[in-house]
Amino acid sequence: MASRWLASRRVLVVPGAMKSGTCSLRAQLQWMANGDDLSLPSQELHFFDEDEEWARGPAYYASWFEDCSMIGDVTPSYLYIPAAIERLADQLPQAQLVVLLRNPIARAVSHQNHDHDKNRPVGSLSQRYQKEMASYGSPPSRSDAFRRGLYAEQMERLLHFFPADQVLVIIAERYRKQPEKELRRIRAFLGLKSVWFPAEALMEEHVRPEYSELLSAPLREELRRFYAADVQHLRGLLGDPLKDWDADFATFRPPVLLRPRYVVSWLPVGSSTSAESEVSRELVERQRRRLANPLPFVQATDPQIVTPNVIHSLAAGTSGPVIASIPEGAVQDFNMKNPASAVCPNDLILAVNAVEGEVKAIIQQLQSLDKTPLTLKILRPQEMKISMGKKPNASLGLQMNFSSFSAGAVVDMIAESGVAYGWNESQPEEKRLRRGDRLVAIDGQYLKGEEMIEALKQKKGQDFGLPGSSCSGGAWGAMAHKSNPYKKARSKFRWKWKKKRTRRLQKKRRKMRWATLTCINSRRFPLLNSLSSRKPMSATADAGEQASTRRRDMTSEPRRLPCPERIIDMVGFAFGCGTLGGFGMTFTRSLRDHPKGHRFSGALAAAQARAPQLGSTFALWSGLFHAFECAVSQRHPDPQGARSSLDAAFCGFLTAGVLSIRQGPRVASMNAAVGAFCVALVDVVSGTARL
Ligand SMILES: Nc1ncnc2c1ncn2[C@@H]1O[C@H](COP(=O)(O)OS(=O)(=O)O)[C@@H](OP(=O)(O)O)[C@H]1O
């Protein structure tokens, strides 16, 4: 009975950390609770961390609260005592947790002085520290003052039992500096109305005017070392740089010397069937000269590398990470000192120290290098430029393989129906674009994988192709929104309108304009020229890497992402739209609901609270719709092809029906019909309607 009562309440728990301002927070929440139907006892309940309290059962716990829709428990030891969070999650899985964290050194000193005031025999700070360190590894004890500040492991435990969206972390130093702002965050998190805070509501509690014991400088130094790794871990866990703690824990900078922080992307290269005779002697010579340079830590000087033997062994499946960019770090420093033998983006790393051959092993070796000297064997590709134009309605017919950070994008497939294929036919063998070639630049601009695809999309409306081609909804239009038929349809609609506006201008442009693509031809890796066979990309690519590498089809038929990627993609898109739209709408609407002088902050807080809710609703709708849509599309021969409006309407029908099923069959069937109608209407209006 009590359990059921508890389960039906909204629950706020402040589990700690102790000495971080939890009493002030309780008092302020109580002050604001008037209009909120919140029951928040004035003392620490210790129900979940103390065995005797826990043994009294849920009815006892429930007796602490009045019959309000929301109940609250501020007990700062829950965070530190491991059993507490587990019990809390078991009894109140719906709880929303507000965790206050204070600089662990300041927290420990406050804790010590608190114990002094209570006349606890804790000894001096350094004695206590020594004692705690001597028992390090034993289970947490209530008397711990220093280990309580190891927040990362406590937060990890908490996040193991509660989803991240039920947890809000407040940094005590920020809370002290800007209490109103942090309180608004808390209220928005709890879904409470934002209020105006008078000065008396912001009074602090339990502030110790004077410490009886201060921290010595050597012990502070020791504590900085003690907490450094944990704070660093916490930064990663919270995604917060914790700047307020910088005085004690300056943002950690890993030593970069001798550790190149490459942004690497890899794709097996070398699809060429060209014969060994194509190996350019001059290129090999140049490569040898470059590699023979004595380098301080890039000691790539294996003279054997150019012997035919090695070329043959390279041919037996050589691949390597391709450098996408060289950010600040050891390699950049090296390049500055040795411009003549600089390592460049798009170079292929053949070997790192003694490790070569396996791409994964090379990357692992790069990541595991610490202070050991680094020896890289590098192959430099040769660039070639190609110019292509495109007629209206024509498709480039390239399927690209890329990841967001890869250096350019690799040609994965050249469709026979596309422009690129036709262009290839008109070129001599050595100039042809091949599968495995890497497009690295457009019109002289070097781009990363994602940017490259975006730039190719942009070209449709600019100087890539014949005037008017972009308005035709041909392959370029399809490519731009291949994963999203609604976007594609919208884009077509927009272009139709634009077409009228620009028709006169377009008439003037008679000449086809060309884009220059810079391409690294796989055959132009000098030492890879002798490759006589290659494994297909799909066969050699690592499965994990494959998953993160997205493919886009540029053939004429628009292709959609496969399921379940499609669902995830659309959930994210809908969440973004819902959140942004919801934010704008709520903000505008709430401006007039707040008193003068607080309009902006009030509206902002309301919008912050409302936007994620709307985003989630949109995401839910979209997720369900696309789940049905994925299921329905499986009955088509090509599930990734364009879908019919009939299917869309059917999925809209199911989605709306399922989401309102709780309101009874009548309402659900009405809503389902409206859902189907709306989806079909969107299809018709956007011009994508197909039967
Ligand atoms: N708003 C706000 N922001 C940041 N810090 C604050 C705030 N209010 C109180 N304090 C300081 O927090 C210390 C008391 O913490 P608690 O209330 O959590 O203590 S307890 O755990 O309930 O015993 C105590 O620290 P010391 O004064 O250093 O002992 C308070 O000064």
Side-chain angles (χ1 to χ4, degrees), residues 12-32 40-50 72-81 84-85 97-120 122 125 128 140-151 154-155 158 168-187 189 195 197-216 219-220 223 227 240 242-248:
L12 154 71
V13 175
V14 180
M18 184 181 165
K19 308 312 295 178
S20 298
T22 52
C23 287
S24 295
L25 181 58
R26 181 198 292 111
Q28 289 163 4
L29 286 169
Q30 277 173 333
W31 196 96
M32 296 183 288
L40 182 60
S42 298
Q43 65 192 91
E44 295 173 11
L45 303 186
H46 289 284
F47 178 71
F48 296 103
D49 64 317
E50 289 185 0
D73 179 353
V74 180
T75 306
S77 359
Y78 290 165
L79 186 64
Y80 186 58
I81 305 297
I85 294 295
L97 292 93
V98 176
V99 184
L100 263 170
L101 298 178
R102 179 179 181 182
N103 176 333
I105 300 182
R107 199 217 69 81
V109 180
S110 168
H111 193 146
Q112 170 79 354
N113 282 279
H114 169 90
D115 285 347
H116 281 323
D117 283 2
K118 303 244 166 193
N119 291 323
R120 292 181 182 141
V122 289
L125 269 167
R128 192 172 188 178
S141 139
R142 279 172 203 287
S143 60
D144 292 343
F146 296 96
R147 284 162 63 192
R148 266 184 206 259
L150 295 170
Y151 300 135
Q154 299 170 47
M155 285 306 298
L158 189 140
L168 176 72
V169 175
I170 300 285
I171 301 302
E173 287 75 10
R174 280 178 219 159
Y175 174 41
R176 175 159 265 167
K177 241 185 266 165
Q178 294 185 298
E180 273 197 63
K181 184 176 167 201
E182 296 304 310
L183 285 169
R184 282 217 169 80
R185 277 185 67 211
I186 295 172
R187 296 183 65 79
F189 167 71
V195 289
F197 306 97
E200 64 265 32
L202 301 175
M203 294 276 279
E204 291 187 352
E205 302 271 318
H206 284 203
V207 180
R208 188 156 284 102
E210 217 178 318
Y211 279 179
S212 52
E213 186 181 357
L214 296 174
L215 185 65
S216 66
L219 185 55
R220 177 175 289 276
L223 289 178
Y227 289 121
D240 183 330
L242 301 175
K243 289 240 169 269
D244 311 73
W245 301 354
D246 265 3
D248 283 312

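If you read the sequence from its start, that first residue is 1, and numbering goes on from there. Order of appearance sets the numbers: ligands from 1, and atoms from 1 within every ligand.
- S77 is not listed as a side-chain neighbour of M18, based on a closest heavy-atom distance of 4.5 Å or more.
- At a threshold of 4.0 Å, the pair R176-D244 does not count as salt-bridged, since none of the basic side-chain nitrogens sits closer than that to a carboxylate oxygen.
- Using 4.0 Å as the threshold, P179 has no heavy atom nearer than that to any atom of ligand 1.
- The protein heavy-atom contact nearest to atom 17 (O) of ligand 1 is C23 N, 3.0 Å.
- What sits closest to atom 18 (O) of ligand 1 on the protein, heavy atoms only, is T22 OG1, 2.5 Å.
- Of the protein's heavy atoms, H206 O, 3.8 Å lies nearest to atom 14 (C) of ligand 1.
- Residue-to-ligand polar distances place G21 within reach of ligand 1: an N/O pair is separated by less than 3.5 Å.
- Interface atoms of ligand 1 facing V207, defined by a heavy-atom separation under 4.0 Å, are 27 (O), 30 (C), 31 (O).
- From the protein, the heavy atom lying nearest to atom 29 (O) of ligand 1 is S110 OG, 2.7 Å.
- Scanning the protein for heavy atoms near atom 8 (N) of ligand 1, the closest one is S24 OG, 2.6 Å.
- Under the 4.5 Å side-chain criterion, counting only non-hydrogen atoms from C-beta, R187 is not in contact with R184.
- Using a cut-off of 4.0 Å between Lys/Arg side-chain N and Asp/Glu carboxylate O, E182 and R185 are scored as salt-bridged.
- Scanning the protein heavy atoms around atom 19 (O) of ligand 1, the nearest turns out to be K19 NZ, 3.5 Å.
- For ligand 1, the polar-atom distance check finds no N/O of H114 at less than 3.5 Å from any of the ligand's N/O atoms.
- Nearest-heavy-atom check against atom 25 (O) of ligand 1 across Q28, R208, R102, E44 picks out R102.
- Shown are V99, V74, I170; of these, the side-chain contact (heavy atoms from CB on, under 4.5 Å) with V14 is made only by V74.
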Verify side chain to side chain donor-acceptor pair (under 3.5 Å) between D49 and H46, making sure each step is shown before the conclusion. CA-CA 5 Å; D49 64 317; H46 289 284; 3.0 Å; yes

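- Remark: minimum distance from atom 31 (O) of ligand 1 to any protein heavy atom is reached at R176 NH2, 2.8 Å.
- Counting heavy atoms from C-beta outward, Y227 and Y151 have side chains that stay 4.5 Å or more apart.
- Of all protein heavy atoms, the one closest to atom 4 (C) of ligand 1 is A172 O, 3.4 Å.
- Side-chain atoms of Q28 and I186, non-hydrogen and from C-beta on, never get closer than 4.5 Å to each other.
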